[in-house]
Amino acid sequence: MRRPIIGGNWKMNKGLPSEATDMLKKLIPLVKNIDNIDIVIAPPYTTLIPVINLTKNTNIMIAAQNMYFEEKGAFTGEISPIFLKELGCSYVILGHSERRDILKETDEIINKKVKKALNFNLNPIVCIGEHLIEREANKAKEFIEKQFRISFKDLSDEELQKTVIAYEPIWAIGTGRTATPEQAEEIHIFIRDLIASSYNSKTAKVVRIQYGGSIKPSNAKYIFKKENIDGGLVGGASLQAESFSEIVKAANDSPF
Ligand code: 13P
C-alpha cells in the first residue's frame, strides 16, 4: 500500500546548469519505464530551474534540499516555500543531518519548516538518525524518538501521511559503512511503532520511511527487500546516472 520512493540528494554538487542537465539527459532515458516507485532528484537551488524544465513530462519529480520557515521578507540568503512551489518543486528535504550538525538546525526549527512546507503543499522528506556515539551507547532509539517527537510536533494525521521520513544513521552517510538491512529494518519498525502510538495505526501503515546512508547498486536490493523500508535517499551514488538508475531499478523490482 505504500509507494516506494527513491531520492537522489545531490548535496552541494552539480550546481552549474550544464553539469546538472548533462546528468539528467543520461538519467531520463534510463528510468523512463520505471512505474512502480516515485523518483525524486534534489539538486542545489542554483540548478532547480533548468532541472525542473528538463524533467517536465517525465517520471522524475524535484525536491529542494532545504527552505526557510517564513514566506518572505528580511531573511537574507534564505529561500521561501512559495518560491519552491511556484518553480515546480514537489518535495523538500528538511532536517538533513548535515544541516543539523554543521548548520546547527534544531528539531524546533525543523518542526517549523515541516509545518510551513505542508502549508504550501510541498511534501517534506524529513531526515532523522543517530550518530555513532548514540548507537554505540545503545541510545539510538532514544535519540530518534526525541527527533521524531519534536520535528513532527502538532502535525495532523493527514499532514504526517504526506511526509516522508528518511532514516539516515549519520555513521553510515558518506562513509561506505551501510547499516545492515536488519539494523535499518529494526529502526524503521521502531519509527512505525512511534507513529502508531502517537497517531494511529492507519497513519503508521501509510507513512513512507526511506533508508539513507551509503546506498550503492551492490547493496540496494538487500535493503529494499525489508518490509518496512520504502525506498532510499541516496547521496554519492545519485551523482552518476548509471549508478542511480541501478538503484532505482532495484527498488522498482523489489517486492515492497
Ligand atoms: P551517501 O549515500 O553519500 O552516504 O549520503 C546519504 C545521504 O546523506 C542522503 O541524504
Side-chain angles (χ1 to χ4, degrees), residues 4-15 19-20 23 27 37-45 47-48 51 60-67 89-105 110 113-114 117 122-132 134-135 140 143-144 147 151 163-181 183-184 187-188 191 208-224 226 229-251:
I5 172 167
I6 299 291
N9 176 8
W10 287 1
K11 306 191 180 184
M12 203 170 71
N13 297 293
K14 300 196 190 295
E19 35 181 17
M23 188 296 190
L27 183 68
I37 64 166
D38 289 340
I39 308 171
V40 179
I41 293 282
Y45 294 129
T47 50
L48 279 175
V51 161
I60 299 175
M61 291 178 280
I62 301 305
Q65 295 179 16
N66 182 34
M67 54 158 245
C89 290
S90 316
Y91 288 86
V92 58
I93 298 175
L94 297 173
H96 192 279
S97 60
E98 287 145 19
R99 298 211 57 86
R100 291 171 180 272
D101 285 354
I102 305 169
L103 294 141
K104 307 296 173 213
E105 281 191 21
I110 293 155
K113 292 186 175 189
V114 171
L122 285 163
N123 295 89
I125 299 174
V126 183
C127 306
I128 54 180
E130 80 285 1
H131 305 88
L132 190 57
E134 289 99 24
R135 175 148 289 261
F143 187 80
I144 290 165
Q147 289 182 319
S151 307
T163 302
V164 177
I165 300 179
Y167 168 54
E168 297 210 317
I170 297 161
W171 48 273
I173 296 179
T175 58
R177 184 178 165 189
T178 328
T180 63
Q183 283 174 319
I187 298 291
H188 283 230
I191 296 169
R208 297 183 290 179
I209 310 177
Q210 302 175 295
Y211 166 80
S214 296
I215 299 181
K216 303 275 179 293
S218 56
N219 58 28
K221 72 166 186 250
Y222 303 105
I223 296 168
F224 301 151
K226 293 289 179 193
I229 301 182
D230 310 311
L233 190 56
V234 185
S238 73
L239 295 173
Q240 264 71 48
E242 293 73 18
S243 52
F244 188 63
S245 67
E246 282 179 42
I247 294 169
V248 165
K249 283 177 192 151

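In each ligand, atom 1 is the first atom listed, and ligand 1 is the first ligand listed.
Comparing G232, G174, G236 against atom 4 (O) of ligand 1, the shortest heavy-atom distance belongs to G174.
Set against the non-hydrogen atoms of A172, the atoms of ligand 1 under 4.0 Å away are 4 (O). Per-residue contacts place S214 under 4.0 angstrom from the following atoms of ligand 1 (heavy atoms of the residue considered): 1 (P), 2 (O), 4 (O).
Annotation for Y222: atom OH does not count as buried by contact number, only 12 or fewer foreign heavy atoms lying within 6.0 Å. The number of heavy atoms from other shown groups lying within 6.0 Å of NZ (K221) does not exceed 12.
When only non-hydrogen protein atoms are considered, atom 2 (O) of ligand 1 lies nearest to G235 N, 2.9 Å. In terms of protein heavy atoms, atom 9 (C) of ligand 1 is closest to E168 OE2, 2.9 Å.
Formation of a donor-acceptor pair under 3.5 Å by the E246 side chain with backbone atoms of S243 is not found in this model.
At a heavy-atom cutoff of 4.0 Å, ligand 1 is contacted by no atom of A237, backbone or side chain. The side chain of N9, and not its backbone, has at least one atom closer than 4.0 Å to an atom of ligand 1 (non-hydrogen atoms only; side chain from C-beta on).
Residues E130 and W171 have side chains that bring a donor and an acceptor to within less than 3.5 angstrom of each other.
Taking the six-membered ring where the residue is Trp, Y211 and H188 present tilted rings, their angle falling between 30° and 60°.
Nearest heavy atoms, P44 versus G15: CG-CA, 3.8 Å.
Under a 4.0 Å heavy-atom criterion, K11 is in contact with ligand 1.
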